[in-house]
**Q** 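Shown below is the structure under consideration.
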Amino acid sequence: MPDLTPEQKERLKDVPKGTWALTMTVAITMFLAWVALYVGKFLAQGPVS
Amino acid sequence: MKLLCTFATLVVATALTGVAHAQTRPSQVAWDLKTVNFIKSGQAERGKTLHAACVDCHGATGVSPSPDFPDLAGQDPLYTYKQLHDYKSGVRVNAIMQGYVAGLSERDMADLAQFYARQKRGGGNATPVPDAAAMTLVKLGDGGRMLVACVYCHGVGGGGNPGMYGMPALEGQKGAYLQQTLHAFASGERHNDVYRAMRDVARRLSPTEIAWLASYYSGTTVAPLAAKPASVGSAPASAPAVAPAPDAAAPSASEPVASAAGSGAGWYTPVQAERGGKLYAAQCAMCHGAALGGGMGPALAGRSFWTQWGGKPFAVAWKEVHAKMPMQAPGSDAAPVSIDILAFLLSRNGVPAGSAELNDRADLARALPAR
Amino acid sequence: MTTNIAPAPSGRLVLAHVWVAFLLFGVALLLGVYQVLARDGVLGSHAASYYASTTLHGVVMGYALTIFFITGIGYAISERALGTRVWAPGLAWLCFWVMLAGTVLAALSILAGKASVLYTFYPPQMAHWSFYVGAALLVAGSIGWIVITLVMSAQWKGAHRGQNLPLAQFGMSICALVWAWTMVGVVLEVLLQLIPLAFGLTQSIDVNLARALFAWTLHPIVYFWLIPTYVFLYTIVPEEAGGYLFSDEMARVAFVMLLIFGLPIGMHHLYMDPPHSAGFKLLQGIGTFLVVIPTMLTGFTVWASLEISGRLRGGTGLFGWMRRLKWDDPVVLAGVMALFMLILGGFGGLVNAAYAQNAMVHNTQWVTAHFHYIFGGVAVTGYFGLAYYFWPRLTGRALWAPKLALAQIWLWIIGMNILSLPWHYVGLLGMPRRIAYYAYAPEIAAQWLPWTGIMIIGGVLLCLSGWLLLLILFLSGRTLPASSATMAGGFARPYEATAVLPRSLNGFALWNWLLLALMAMAWGYPIVQFFLVKQYPALPWGFS
Amino acid sequence: MSINVYEKRYLITVSVLVGLMLTLIVGSFVLLNIYPPSNSGETIDSTRLHLSEEFAESNLGARTNPDGTVTVRLVMAKYLVHPQEFTIPADVQVTFRIATPDVVHGLNVPGTNINTMVVPGYVSQVRTQVVFPEVAKHGIRNPDGSVTVPLFCNEYCGYGHQSMWARVTVKPIR
């Protein structure tokens, strides 16, 4: 653990909530976009085998 | 020359019977390793001796003296082999060639192919093409009509395409022959192209475009041909499930009938000329050329027609055709056959048609128009 | 105070590699502009020059730029991480000249129009033998770097018993292993099938075996290209941004997962190929989705490291730290932009990899848009960051104009978005790949024209940005006084204490065995089948 | 090995999302029989293709089978699709069987899932049902209500690659 001043520790208390929020939104958005394209265009175009 | 014509006609009967059968069979030549290596192993020297029989039509070194017969010099050996093989198997129909090829073995064909491949190509240097539109067709094709550019298969300048198997070189080829070939592909008369590759291209070209292309590749100027007379058995007997009917681009085989100046000036009926066209193709085309341009026999259209028969009584033409022709069996044609052929000849030289049929009694004394 | 700092010991070696890489990169960018203009019909229609250009563009970007840059920067990273000189620099130089000779040979063959078979070769269309020999030399030369990197790791671990191999060196060692495993496919194809056929020693070729071997390489080569950028994101960006690496262990886990999951999944390039059964395609399809996890893990860890730096610099609230990042530092900007591009680039990959959904986009421009976005947007942006970070440390001179470097990166990202976003859409419209000009019926091409027009702007911006990079690097090495940054500047320090790692996260033997098993399971039958079932080989064809 | 709690939650979420995607994919495979076109068992001697019985010149094009499904046989050869124009019905099972006598080609029809590689040595097979409204977005509407949509060669096969395509006319079922 790097030697942080108390003031630095105070600033870092919320890490990594921001990242969590950002990456969760990204992950879920990508998932929903993929499902939309999978169902909305791929399956809509008919079966394939 | 005489011997040749005689030989050719004897064979006609046998070839014609094979026509219907040959229609559906595809070319028997496939570019598998065995065939490609077999052709590569052809002996040009031995081919040279076999070539002796072909000199009359195809010239001493494979550069043909007559515009109706193709140059073979410098041609892709695989292509030459395939044409010979197709003639022998009857997939490609031509009275003369089938007669000649009947005696050739596959080894002979490979040797001939290698001999011709080593000869220097003939043909003039390509004169500038008459029209930019042809250049677009050659270099880019025409997307709307699904035409692929000629260069991709035949190479830049038509020099051939060694990267593909059996693609013919077009550069310097005889103009009339190129034109006839494209028309033959368009009508389906020639159908030894695998998977209709050339037929699907040719049927979409107009006669003017065909003339441009023939001019571009031959380096000579070729006049657009009225649609080729529908020769015997041209339409493929069993149309494939999706028979691409020749669309508007290739006009049907009706003859461009000269406008009859009143019934008196008319000499023949279009139907008669039509019949005559078929008979001409069967009996006379091989010596006088499918386009009446002449070959071994004299030309029967344009200047030679008018100097020989223009302004003279019809009887002169009648005696020449009915009594002396066909060359190998003079006078063997019945009167109606000769009359129909003459009607066709008149129609191709712009002599006016009319409502009354040409006949060998009433019209003998009438003088043909002069030009 | 300007102290004249001697450039890093192997500065010349690294600079030689990186300069070759970026000069070729500059040329390939010009070709890219030509292609985006040609396809829109602006420059008339010439199939021959278009396909030669596409081949050169692909070979340079996919093989030359990457191999030269990665090996060059690999030496610099290994030296800095381990604090020792590059092992056997003579071997490194020899390999450099072998790689250069191969690249020149292949490039000449392409420029002569004898090798327009694109960077994916496409047998049975055959190029001149010089093309294949050139490509083989380029790849063979890079083996030197693999050996050197792994030997340096082994030597360091020998001398530092019980210590964790520095993360940067761990990452580059994984990169070397990925490339060693990856190249097997294409090397077998080139040495055993293409070169013999090109020389006429054989007369026909099993096309589907060649495609399977190439697909073996075609996916993991992406991780060979990407891992240096991941090393940059994990070990350089957090330090440069004034923060800490969020988790050293998770970084190692991510690298190992990339190696293990990234290798045996190349069959998603063959989804539409008849010779492979739906079962094996599904097996490798599922494998492809597993490799999403290390990518997302990298995203999280690097964003968390940036969050630390942002908060230390006064950012508050859930996203306040993003505004406080060190946006004025080109190295940090490159890192952040690479992360953003990873999102959309990754999305394109999800669609391609989704088994049957590939039928929607296979061989359409969607695929081209995807890999421009992820290779151009993520990997190459990372290369810019690495170049800006190492230039002062290699040349002993300051970066010429950091502000201009920022502009160069912004220009690159904006250009890539203008180029690739319409490109994705045109792919969904069904526009096929690799068309030299619009030869279809006019009404069909009309649907794509507005978009391919916009793509020209993107292409031009990218080219400007690339040449701006060359200008900055050229002037940075020449004119200005010494920079204060020293070669000794360390890599990112971990935020949380990292205990001594289990042998498995410090060594590679375990992973190599596991990979052997996975590759046998994934590719065993799909490749061997071509020797079991009677095949009909194809004859060689030309491309003209 | 300590993993941060947020990171752990994030990884679990990502794993769940990946799991959902795989469920949708494997579900399509198992329930709807949707999988990439494969034909691993059917080799063919491409060098002698036009002499084969199925891919003879007269046997190409669209053909309605006794059971009402349609089989379209195509040959893709350097720079032409044979036949260049054919018609298929919408909402009917259509089976494409394609082969090549020369190099690797590929084909895709925008607005449909007809997409496969065509490689020497194997017969390619794609089964689908064309959905008329989707195809209509990409094609040109004909006076008789049918839509003509292009079929592209989508794999580089030489200098004529950009000129290689076919016209597919899709007839809606009344």
Side-chain angles (χ1 to χ4, degrees), chain B residues 23-37 82 86 89 91 136-137 139-156 161 163-167 188 191-201 203-204 236-245 247, chain D residues 44-65 70-88 98-103 105 120-121 140 148 150-153 156-169:
Chain B
Q23 222 71 43
T24 53
R25 275 178 44 248
S27 164
Q28 297 304 301
V29 176
W31 304 127
D32 53 20
L33 196 57
K34 189 166 62 65
T35 311
V36 171
N37 286 340
K82 176 178 187 295
D86 288 350
S89 64
V91 170
T136 341
L137 216 53
K139 293 218 160 70
L140 302 176
D142 175 354
R145 287 186 285 166
M146 307 188 79
L147 284 171
V148 182
C150 314
V151 290
Y152 296 137
C153 290
H154 294 292
V156 179
N161 189 342
M164 290 171 74
Y165 296 94
M167 278 300 138
H191 43 74
N192 70 325
D193 55 332
V194 175
Y195 288 129
R196 309 185 54 82
M198 269 314 292
R199 279 169 279 166
D200 277 346
V201 169
R203 72 180 169 83
R204 290 191 168 103
S238 70
V242 181
D247 56 23
Chain D
I44 189 168
D45 185 354
S46 295
T47 57
R48 305 186 63 79
L49 191 63
H50 69 283
L51 297 174
S52 70
E53 205 263 331
E54 178 180 15
F55 288 98
E57 177 184 314
S58 52
N59 196 31
L60 299 182
R63 188 160 306 210
T64 309
N65 306 319
V70 172
T71 302
V72 180
R73 287 188 183 78
L74 302 175
V75 165
M76 295 184 82
K78 259 183 187 242
Y79 311 136
L80 284 172
V81 178
H82 307 288
Q84 288 185 295
E85 284 147 321
F86 57 90
T87 304
I88 53 173
I98 314 112
T100 172
D102 44 44
V103 299
H105 299 276
I140 290 102
T148 300
L151 177 148
F152 298 122
C153 173
Y156 176 66
C157 54
Y159 286 168
H161 165 61
Q162 71 284 330
S163 309
M164 193 168 160
W165 66 297
R167 281 190 165 112
V168 184
T169 304

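Excluded from the calculations below are hydrogen atoms, water molecules and symmetry mates; all remaining heavy atoms, backbone and side chain alike, are included. These numbers come from a predicted model, not from an experiment. Lettering follows sequence order; numbering is per chain, from 1.
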**Q** Tell me which of these, D:V103, D:T87, D:D45, D:L49, has more heavy-atom pairs under 4.5 Å with chain B than the rest.
**A**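 Result: the option with the highest number of such pairs is D:L49.
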
**Q** Contact between D:Q84 and B:R204 at the side-chain level, heavy atoms closer than 4.5 Å - yes or no?
**A**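 Yes. Closest side-chain heavy atoms under 4.5 Å.
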
**Q** Checking heavy atoms, do the side chain of D:H82, its backbone, both or neither come under 4.5 Å from chain B?
**A**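 When you check distances to chain B, only side chain atoms of D:H82 fall under 4.5 Å.
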
**Q** Counting a contact as any heavy-atom pair under 4.5 Å apart, which residues of residues 28-35 of chain B contact chain D?
**A**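 Within residues 28-35 of chain B, the residues under 4.5 Å from chain D are B:Q28, B:V29, B:A30, B:W31, B:D32.
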
**Q** Write down the atom of D:H50, the atom of B:P26, and the distance for their closest heavy-atom approach.
**A**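 That closest heavy-atom pairing would be O-CG, 3.9 Å.
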
**Q** Return yes if some donor-acceptor pair links the side-chain N/O of B:Y195 with the main-chain N/O of D:F55 below 3.5 Å, else return no.
**A**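 Judged by distance alone, yes, a pair lies under 3.5 Å.
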
**Q** Taking every heavy-atom pair that is under 4.5 Å apart, which of B:V148, B:V36, B:L140, B:L147 has the most such pairs with chain D?
**A**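 The residue among B:V148, B:V36, B:L140, B:L147 with the greatest pair count is B:V148.
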
**Q** Which atoms form the tightest heavy-atom contact between B:Y152 and D:Q162, and what is the distance?
**A**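 Taking B:Y152 first and D:Q162 second, the nearest heavy atoms are OH-NE2, 3.0 Å.
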
**Q** Quick check on B:M146 against chain D: is it the side chain, the backbone, both or neither that has a heavy atom closer than 4.5 Å?
**A**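 It is both, since atoms from each part get that close.
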
**Q** State, to 0.1 Å, how close D:Y79 and B:C153 come at their nearest heavy-atom pair, and which atoms those are.
**A**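 Distance-wise, the nearest heavy atoms are CD1-SG, 4.0 Å.
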
**Q** Tell me, side chain or backbone of B:D193 under 4.5 Å from chain D's heavy atoms, or both, or neither?
**A**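 For B:D193, backbone heavy atoms alone lie under 4.5 Å from chain D.
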
**Q** Could you tell me which residues satisfy salt bridge (charged side-chain N to carboxylate O under 4.0 Å, His left out) with D:D102, sequence neighbours excluded, listed by chain and number?
**A**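 If we apply the salt bridge (charged side-chain N to carboxylate O under 4.0 Å, His left out) test to D:D102, skipping adjacent residues, there are no hits.
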
**Q** Pick from B:R199, B:H191, B:R25: which one makes a side-chain hydrogen bond (donor to acceptor under 3.5 Å, both in side chains) with D:E57?
**A**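 Passing option: B:R199.
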
